[in-house]
Amino acid sequence: MTDGPTPTERFIQGILPENPVYRQLLGLCATLAVTNGLKPAMTMAVAVGFVLLSANVIISLIRNLLKPHLRIVVFTLTIAAFVTIVDRFLGAYMYQMSKALGPYIPLIIVNCIIICRCEVCASRQSVFTAAADAVGQTIGFGLALASIAVIRELLGTGMLAGIQVLPAAWPSWVIMVLPPGAFLTFGLLLGLINWVDAVKSAKQGRKG
Amino acid sequence: MEEILTDNTPVPSGRIRNSNLAQAWLVLVLALIIGAILAAVQVRLSPIIAANKLNETLEKVPELVLGAGSAATRPSGLEVDPGTVKIEKDGPDSFYSVFHVVSKGAPAGWVVKTVGQGYGDKIELLIGFNPDITAITGIFVLGQKETPGLGANIASLKWRQQFIGKATARPLSVVKGGASAPNEIDAITGATISSRSVVGLVNRTTKDLAGKLAPEIVRFSRQVKKND
């Protein structure tokens, strides 16, 4: 078993340097679909976080038993189990939110962030590293969802998490809460982050 | 067991190594464990989920029959009896979930649940009627996936209020801008299809039930007492 990054490295990498949404461009279906409000976006982040942490821990515990050609089956099975638990839990205790998120909670099963972390980290490293990795990636995913959701909800409805923030006279840009708004916001933010990075590395290149 | 099955350990017999069971035992064991856990979760949570669905409807019933103020004042002596009713007509029979509302012993009205196709997906409606189904006392949108900002406005209080007090004798019709006749409903700007879907659903339900709905033909599922 080769030594991979340490737990601390895994944790920090997930937040910004290897942010699942802005750096790895994973989990974009959920990212685009549920960011029309801060509340659904944060519920999604917590749900993905729970599934990711549970799946990473379980996969890491059984990593020495995995058969290489059957590993994806085991990953999917584990992920699907926890997603089903989250889906039922939301239906029972957060009924309105469960209705608002609709099919996107069951669709966490095919969220590539989780299967990617199982493949890259959990199936190779210790339980502690896998858990740190899951928490870091979840924070990164949550921040990414929040950044898009704040812009979309604010411009689309003048509200944040259902509370009126902009003056009532704000002409709500309906397109921002519709699917095109998701693509516009995400594209512009991604471009901005890449541009900032390019400027930074250009400066460093001149110094060095 | 674990030592035999790791890849690095040499396995004495080729038969064991290649048998399907040796390859897949982890998947099978996991599937069994997960199946058991999920069954437990389902047994535990499905009654709560079913109760959530029913409560969502029951909470809206007093408001739909007695008017918007009733939710705040919590009227006492209100009984809501859920049941189902079969309406026989040409072609396939229709089944409706109905709620008979009795206030202080006297019939106060009916709330009927109905589902129909909208612009985006199915629209689920609650429609309130007075006891003899001659007037609509209110509608509520239980579920819809219409376009946010346009068709989704069918759920807004402002649009739904148009239905309150409409007589059921004549079918309602949708007009664009400035409803004047008593049976006209203003379409939502940019969402004529969603508006027509709701009005069509109300008309169909009214036509099916007017003059036919009576406590005698309803199969009540159970007695629910509210606010006692």
Side-chain angles (χ1 to χ4, degrees), chain A residues 1 33 36-37 40 54-55 58-59 61-103 152-153 155-158 171-182, chain B residues 1-9 17-18 20-57 59 120-121 124 141-153 155 189-191:
Chain A
M1 189 120 327
N36 54 2
S54 316
I58 299 280
I59 296 296
L61 282 174
I62 59 172
R63 67 186 184 279
N64 291 330
L65 307 176
L66 290 175
K67 292 262 173 284
H69 61 290
L70 289 175
R71 68 189 194 288
I72 302 286
V73 178
V74 174
F75 295 168
T76 316
L77 198 60
T78 316
I79 295 166
F82 288 108
V83 170
T84 311
I85 292 173
V86 169
D87 184 46
R88 300 277 90 187
F89 179 85
L90 283 179
Y93 299 107
M94 295 173 71
Y95 185 64
Q96 289 307 322
M97 186 51 77
S98 153
K99 265 179 76 175
L101 286 172
R152 288 183 68 197
E153 192 180 4
L155 297 181
T157 63
S172 300
W173 299 358
V174 172
I175 193 166
M176 295 306 283
V177 292
L178 297 179
Chain B
M1 187 89 172
E2 291 167 20
E3 286 202 353
I4 294 171
L5 290 169
T6 44
D7 282 346
N8 306 333
T9 325
R17 190 188 176 87
N18 292 328
N20 290 336
L21 211 59
Q23 296 286 322
W25 71 270
L26 181 64
V27 178
L28 294 174
V29 169
L30 266 183
L32 283 176
I33 297 173
I34 288 170
I37 294 174
L38 289 186
V41 168
Q42 179 67 12
V43 166
R44 188 81 195 279
L45 294 184
S46 66
I48 308 180
I49 297 173
N52 281 345
K53 277 187 187 152
L54 185 63
N55 276 342
E56 186 187 32
T57 308
E59 270 172 23
D121 200 340
E124 211 177 343
V141 180
L142 269 184
Q144 53 92 8
K145 292 194 170 58
E146 305 298 286
T147 321
L150 297 171
N153 284 337
T189 313

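Here is the naming used below: chain letters follow the sequence lines, and residue numbers restart at 1 for every chain.
- Under a 3.5 Å cut-off, the side chain of A:Lys67 and the backbone N or O of B:Leu26 do not form any donor-acceptor pair.
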Solution key, residues 31-43 of chain B side-chain donor-acceptor pairs under 3.5 Å, sequence neighbours excluded:
unit_1, atom_1, unit_2, atom_2, d
B:Gln42, OE1, A:Arg88, NH1, 3.2

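- A:Thr78 touches chain B through backbone and side chain together, each having a heavy atom under 4.5 Å away.
- The CD1 atom of A:Ile58 sits 8.0 Å away from atom CG of B:Leu30, with the distance rounded to the nearest 0.5 Å.
- In terms of heavy-atom pairs under 4.5 Å with chain B, the best-connected choice from A:Ile85, A:Thr157, A:Val73 is A:Ile85.
- The parts of A:Leu77 that come within reach of chain B are both its backbone and its side chain, each placing non-hydrogen atoms under 4.5 angstrom from that chain.
- For B:Ile48, the side chain to side chain contact (heavy atoms under 4.5 Å, CB included) partners are A:Ala92, A:Tyr93, B:Leu45, B:Asn52, not counting sequence neighbours.
- When the shell of 6.0 Å around OH of A:Tyr95 is examined, it contains more than 12 heavy atoms from other residues, nucleotides or ligands.
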